[in-house]
Amino acid sequence: MTPTDTALQAIHAGIDEVNEQLDPAARLPKAATTPLLGPGSPLDSLGLITFLAAVESHLRQTAGVRLPLATDDRLYAEPSPLATVSDFATFVAQLLESRR
Amino acid sequence: MNPSRDLQVLLVADFTADGFGALLRQGDEGPRIIPTVTGMAEAIPTLMQPPAAPGGQAWNAALVWVRPGTALPSLAGTCPAQDASERLPDEVAAWADILRRLAERIPRILVVGWSPDPAWLDSGVLSGGGGPTGALRLMEAQVLLSRSLAGVSNLTLLDPAPWIQSAGEEAWVASLWYLAKVPYGPKVFRAARSSVLRQLRRLDGSGPIKLIIVDLDDTLWGGTLGEVGWEGLRVGGHDAVGEAHADFQRSLAALRRRGALLAIASRNDESQAIEALRRHPEMPLRPEDFAAWRINWEDKAANVAALLAELNLGPQSALFLDNDPAQRDRVRGAFPDLLVPEWPDDPLQYPTTLARLQVFDPGPGTSEDAARTTLYAQRRAADSGRETFASLEAWIASLETEVTFEPLQPASRTRALQLLNKTNQMNLRTRRLTDPELTAWLEHPGREWWTVRVRDRFGDAGLCGILGLARTGAPGCLELEIADFVLSCRVMGRGIEEAMAAWATERAAVLGCGRTCAQPVPTERNGPCLAFWSERSGFRPLPEDPGIFHHTGNQPRPRPAGICCLPVALPPP
């Protein structure tokens, strides 16, 4: 599995996690253009941390990698890697690649 | 379970519980929860002075989840205070007082018990050279709290240990705590949700479970009674599966002593089943432990209805346990309010699965509770025969059963012979053949064997039946004798027997036979087969010999509705 595939799998797991707490109408689709942060995202700060913690957990369990995403300040820079699912997958994949 | 109303629940926590509140709101089992979550800094003031419920309604319940350091200041921090032992009793008493007053204002209170803080020093140790650790002091406080609240009948202390255990290393997620003040990982909250919803289920008017209806074969005991006899059942003994079944029965016996009623709904021969309960030396449960039973070859939902009527209980008070997913589906569909949990395939999981249901009244029970089964046995009511369930035909159709008839293939020969030689209950003549004997039998002209494969929406059951056919008689008055009619007990009673009988008549028509005959040979165990031929096959007994059932004429028997038989058209001879 490529780093991008691994990253996407973990991101989708994170989306599943937060969707469990959201009303059906507000749930995040697992699409490349889905916004994770900013005006288009239904995630509040708690939702975002829950999402990031779930991604960290999935990477730990499936790839054996500990990535401290929730405390990574780069996520809150402009432009943010959390702008879309695709952007975040690229960001995480680069981190995974650098750990090889 | 279908929710009958919304429940206003006040969720008081000393941590960020919005996510947990959202989980409770999205839960799909039990009643619909409308949680109001307090701010984490407002836990104690809220408990002492609960706000009004939204929209002028009344609170139905409160869920209190406060960590030990908040409720018991001497246990705050990473190490208990030096004088914790002296201060704890007063701190516990004060906390109990707060909860007691809350219980006077809100009809149902659930309080999550305390669990050790993962940051506590001395984790994994209860006591040592330095005296008791925080974990041991917490246990002491828990016992004190439980005793203080013993008389508060509308308050339940929940044990978070199984939730935390189920989450393993994911129980505590550092980033969630330090960034959001969420003390547990999502797996803990999911497990908590299930427990809380089951407790709140009682507010639906359901109450705790009063009646447990169990199946027998591969549920109460290991094995199929009709195939192996009571001596062959796996209960107890030096056998992992037998031991698990025995533990499962002991748990049911304990529930019975606490006042639950036990009943049996099983497709079996009643006298054989009762004999098994009576005679098997390792059987923890005996016939007198059951308040009622329906052990026969009827529709299981009909039997459950009869049990409920006899015991004068509504379906919402009952629990149905059966290893067969098709039967669970049948009962679930007939009784939406009856609890039919998914049941594991592995009997080693039965005792813990029963324990995790958490739908029984806690506590040791009273002498009246223990006598309840006897009372019911003494005043059995007649079955009112109320039709409270969907039709059997509709259920059979919902299974999406597909039955495939194939001439015997080399690849299926071994399995077919196994089926012939081990099946007892749905076996026309119970003849046993070796491979050479089958070869010799098939060498005669006009004889053929068909295998029957079954699949439904629960999966592929594989090769489940055999039709052995023999053409006899002179041209112009040919007959087709059903020499073997065998069906696995796993798929009995779902219309497949009818499909096989109809298939035989279709084959007779293709072969130019004017009559199809079957002569069941009664044995101790093939009562279901005899019942099928006399009551459901559509064949009639010959006037000159009632032991032979026949279908005469050019028109085959119609295939049963709701079952797809393949091939659609029979191949020519």
Side-chain angles (χ1 to χ4, degrees), chain A residues 7 9-30 36-37 41-77 80-82 88 91-92 95-96, chain B residues 3 6 9 11 13-30 32-42 63 65 118 163-164 166-197:
Chain A
Q9 212 179 57
I11 290 167
H12 289 169
I15 289 176
D16 286 338
E17 191 66 57
V18 292
N19 278 349
E20 215 177 340
Q21 298 180 13
L22 295 172
D23 289 335
R27 286 173 188 167
L28 291 171
K30 293 178 190 172
L36 297 170
L37 180 68
S41 169
L43 296 181
D44 57 13
S45 55
L46 178 61
L48 185 61
I49 291 167
T50 302
F51 165 73
L52 292 172
V55 173
E56 287 177 3
S57 170
H58 195 269
L59 288 171
R60 201 161 48 239
Q61 289 176 47
T62 58
V65 175
R66 288 185 178 267
L67 287 185
L69 295 169
T71 51
D72 194 325
D73 291 337
R74 288 175 290 182
L75 295 182
Y76 310 104
S80 166
L82 289 167
F88 192 45
F91 177 80
V92 173
L95 290 177
L96 290 172
Chain B
D6 294 345
V9 177
L11 173 49
D14 66 335
F15 55 85
T16 305
D18 302 75
F20 182 51
L23 267 186
L24 287 177
R25 193 168 47 244
Q26 300 300 333
D28 56 8
E29 49 178 298
R32 194 163 82 107
I33 307 298
I34 313 293
T36 299
V37 184
T38 58
M40 58 178 284
E42 300 158 3
L63 172 61
W65 198 341
W163 314 339
I164 293 166
S166 72
E169 284 188 2
E170 304 291 318
W172 187 72
V173 180
S175 56
L176 283 175
W177 173 248
Y178 286 108
L179 290 171
K181 293 298 173 275
V182 177
Y184 300 107
K187 288 183 183 176
V188 173
F189 287 117
R190 271 191 221 107
R193 174 180 63 180
S194 291
S195 286
V196 168
L197 290 179

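Any value given below was found using the heavy atoms of this structure, including those in side chains, with hydrogens, waters and symmetry copies removed. Proteins get letters first, then strands, A, B, ... in listed order; numbering begins at 1 in each.
Closest non-hydrogen pair, B/Ala22 versus A/Gln21, comes out as CB-O, 3.2 Å. The two residues B/Leu176 and A/Thr50 have their closest heavy-atom pair at CD2-CA, 4.1 Å.
Looking at B/Ser175, both its backbone and its side chain come within 4.5 Å of chain A, counting heavy atoms on both sides. In this structure, chain B has a heavy atom under 4.5 Å from the backbone of A/Leu22, while its side chain stays farther away. Interface remark: A/Leu46 contributes side-chain atoms only to the contact with chain B (heavy atom separation under 4.5 Å).
Other residues, nucleotides and ligands contribute more than 12 heavy atoms inside 6.0 Å of the OH atom of A/Tyr76.
For the set B/Glu169, B/Lys181, B/Arg190, the entry with the most heavy-atom pairs within less than 4.5 Å of chain A is B/Arg190.
Interatomic distance, A/Leu52 CG to B/Leu179 CG, rounded to the nearest 0.5 Å: 9.0 Å.
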query: Does the pair B/Lys187 and A/Glu17 meet the rule for a salt bridge (charged side-chain N to carboxylate O under 4.0 Å, His left out), with working shown?
result: CA-CA 10 Å; B/Lys187 288 183 183 176; A/Glu17 191 66 57; over 6 Å; no

